[in-house]
Amino acid sequence: MSTQASPASGATESAPSPGVPAMTSGRWERWGDRLNPLVVKEVRQGLRTRIFWVCFGLLLAACLVLSLIAFGNTHDSTYTREGRTYFFSFFVCLALVHFGVIPFNAYRSLAREREDETWSLLLLTGLGPRRILRGKVASFLVQAVLYASAVGPFLLFSYFLNGIDLPTILVVLLFGGAWMVFLTLVSVCAATLADSRMGRAAVRLALVGVLVVTFFQSLTLTYVVTQERGASFTFDRDFFLGLGAAFWLLVSEGWLVFETAVARLSLVTEDYTRHPRRALVVQVVLTFVGMTAMWWLVDRKDDIPGVMGILGGLHLIFASLFVATDVDGQSRPLRAGTRPWSLFKPGALRGFRLSVLLLLGWAAGCAVLLWFSESSSGNLRVAMSVMALALYGVLYLSLALLLGRMPRSGRFASPVSVRLLYVLVGVLAAGVPPLLAVFLNLEGRDELLNLLNPVLGTMNFGKYDYSDPSGLKMPPELLLCVALVALLAAFATDRVLADRERRAHQQ
């Protein structure tokens, strides 16, 4: 009887619903299996909260009031140009939710899981940190789409009031959506930064401050775009190159931030650094390729590699603050497949080597573009400034690691301690030489005193000297001195990290 009842029960369970074809039902079941179950859970939970319906109701009410005001002010006029004003007003209502409520709720959702110690229960489902974070982010993006669908008709209504054209509306909405996704990813990553109660409070306060500041900055930028290009959107090359660069920045940084959050929630026995380090390398390579293309399209001017060289160097210095300060050693399952060139594997030694290669490689690539630029005679000065910034990053990263990891005791060897030492050493190197120049009455003649100053040294290598025939305030020989000091410090740090990893594996 059991052998006969089992097919019957299986047929009963797999029977399609009345009125639904069997093929369609099977297709929906397959899509349901592929869909992250956490998305469904989080969306249902989010739609049941009071804050969602309060924000949704207030958003609709505000847009309705604004539309009635617009109708009352314009229905008697035969020709008006109030579209850009009302579009900006509707956009402010949407920005309050997209740039404030959605990111902060995403932060609170993940932070609550860690505070209530329910994160381990989510891991027991077998989804893994990547799928869990992807599900949480996707659930809040679904809520954002619901908010946008409510405000969308009102934004389109502003087009019929004249004063703003459709390309402007599409560009603002496209970058507004990309900015909202980026803020959501940053908020989710912020929820993984601290483990203690005091640390979580500090992160929450910092996140609120960042969201408030970026909210007003995004509104200011939107207002400028709608006022300057609202009624006459021009398809000029420079404007679209800037839009493309900004969009790539949001996409690549969002990807890097998401991979960082996944790595922080992964286990020590996993290859947790592979994806974020790979994302950083891909970002650097593709950014350099795009920068080269832009440089070629704008007649090989030195403005692009010069500005991008400084900004990219600062970004890599900030990234190295986390890449090179990993813990020493690896878990036993990862040691067998690790080689000297396995820079994506966990460990401070490989993170430090990758950071040094990226910093020096980026600076060298920008210097090559500056060498072949045709716009001015100051290419050598700008190239020296870009190279100096990268060398300073290598130098003070090496000094921070030496101070934290050289002693036998592990008091300052933790990643957080090394990062604090990195910041402290950089601040001291930037602040102490100018004070000495003031006390020694060397103002205006303090180039050698500030030779290792990461701020003034970078500026001095890029300054023009009218009294010198070559126009260089700092000769190339001084840059070679900085390079020698930085490379010696990097070599010493490499040996110290290699020794610490060897001793960690022997324990």
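A salt bridge between Asp326 and Lys345 is absent, with no side-chain N of the basic residue lying under 4.0 Å from a carboxylate O of the acidic one. For the pair Asp499 and Arg503, the salt-bridge criterion is met [side-chain N within less than 4.0 Å of a carboxylate O].
Minimum heavy-atom separation, Gly393 to Leu359: C-CD1, 4.2 Å. Closest approach of Ser355 to Ala324, counting heavy atoms only: OG-CB, 3.8 Å. Closest approach of Trp248 and Thr287 over heavy atoms only: NE1-OG1, 2.9 Å. Minimum heavy-atom separation, Asn460 to Met474: O-CG, 3.3 Å. Contact record, Val262 with Ser266: O-OG, 2.7 Å, taken as the closest heavy-atom pair. Across all non-hydrogen atoms, the minimal contact from Leu389 to Ile310 is CD2-O, 3.5 Å.
With contacts defined as side-chain heavy-atom distances shorter than 4.5 Å, the pair Met291/Cys366 qualifies. Here the side chains of Pro434 and Asn453 are in contact, with some heavy-atom distance below 4.5 Å. Looking at Leu420 and Leu424, their side chains never come closer than 4.5 Å, going by heavy atoms from C-beta outward. When side chains are defined from C-beta on, Phe322 counts as touching Arg419, because their heavy atoms get closer than 4.5 Å. Looking at heavy atoms from C-beta onward, Phe175 lies out of side-chain contact with Val225 at the 4.5 angstrom threshold. Contact of the Leu211 side chain with the Pro103 side chain is registered, since non-hydrogen atoms from C-beta on lie closer than 4.5 Å. Taking 4.5 Å as the limit, some side-chain heavy atom of Leu487 sits within range of a side-chain heavy atom of Leu360. Put simply, the side chain of Leu185 reaches to within 4.5 Å of the side chain of Val137, judged on heavy atoms.
How far CZ of Arg278 is from CG of Leu256: 12.5 Å, rounded to the nearest 0.5 Å. Atom CD of Glu253 is separated from atom NE2 of His315 by 3.5 Å, given to the nearest 0.5 angstrom. Rounded to the nearest 0.5 Å, atoms CG (Leu397) and OH (Tyr422) are 4.5 Å apart. Atom CG of Asp494 sits about 10.5 Å away from atom CZ of Arg350, to the nearest 0.5 Å. Distance check, rounded to the nearest 0.5 Å: OG1 of Thr292 to CE of Met308 gives 10.0 Å. Note: Cys481 SG to Leu448 CG = 9.5 Å, rounded to the nearest 0.5 Å.
Each of Leu321, Thr325, Leu403 was checked for a side-chain contact (heavy atoms from CB on, under 4.5 Å) with Val418, and the lone residue meeting it is Thr325. A side-chain contact (heavy atoms from CB on, under 4.5 Å) with Leu358 is found for exactly one of Val285, Leu280, Leu343, Val323, namely Leu280.
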### Message
One pair to check against side chain to side chain contact (heavy atoms under 4.5 Å, CB included): Cys189 and Phe258. What are the steps and the verdict?
### Response
CA-CA 7 Å; Cys189 184; Phe258 177 77; over 6 Å; no

### Residues Leu141, Met180; criterion side chain to side chain contact (heavy atoms under 4.5 Å, CB included); working and verdict
CA-CA 9 Å; Leu141 295 185; Met180 183 269 300; 3.9 Å; yes

### Query
Are Met384 and Leu380 close enough, and set up right, to give a side chain to side chain contact (heavy atoms under 4.5 Å, CB included), and what steps lead you there?
CA-CA 6 Å; Met384 290 173 58; Leu380 180 59; 4.0 Å; yes

### Task
Determine, step by step, whether Phe140 and Val43 satisfy the side chain to side chain contact (heavy atoms under 4.5 Å, CB included) criterion, reporting the C-alpha distance in whole Å, the side-chain angles of both residues, the deciding distance to 0.1 Å, and the verdict.
CA-CA 7 Å; Phe140 285 97; Val43 169; over 6 Å; no

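Counting only distance, with no hydrogens or angles, the side chain of Arg264 and the backbone of Leu193 share a donor-acceptor pair below 3.5 Å. Under a 3.5 Å cut-off, the side chain of Thr458 and the backbone N or O of Ala388 do not form any donor-acceptor pair. Under the 3.5 Å distance criterion, the side-chain polar atoms of Thr273 are matched with a main-chain donor or acceptor of Phe344. Side chain of Ser109 to backbone of Asn105: no donor-acceptor contact under 3.5 angstrom is found. Panel note: side chain Ser398, backbone Val394; a donor-acceptor pair is recorded below 3.5 Å. The main-chain N or O of Ala111 is never found under 3.5 Å from a side-chain atom of Arg200 such that the two would form a donor-acceptor pair. Listed for the Asn450 side chain is no donor-acceptor partner under 3.5 Å among the backbone atoms of Gly457. Of the possible donor and acceptor atoms, one in the side chain of Trp362 sits under 3.5 Å from a partner among the backbone N and O of Gly309.
The aromatic ring centres of Trp179 and Phe182 sit less than 6.0 Å apart.
For the residue pair Ser414/Ser417, the side-chain donor-acceptor check at 3.5 Å is satisfied.
Surrounding CH2 of Trp371 are at most 12 heavy atoms belonging to other residues, nucleotides or ligands under 6.0 Å away.
The aromatic rings of Tyr147 and Phe52 lie tilted to each other, with the angle between the two planes from 30° to 60°. Ring orientation note: the planes of Phe104 and Tyr107 are tilted relative to one another, at an angle of 30° to 60°.
Remark: Leu265 engages Leu110, Arg114, Trp119, Pro129, Leu133, Thr192 in a side chain to side chain contact (heavy atoms under 4.5 Å, CB included) (not counting sequence neighbours). Annotation: side chain to side chain contact (heavy atoms under 4.5 Å, CB included) contacts of Pro276 (sequence neighbours excluded): Glu259, Thr260, Ala263.
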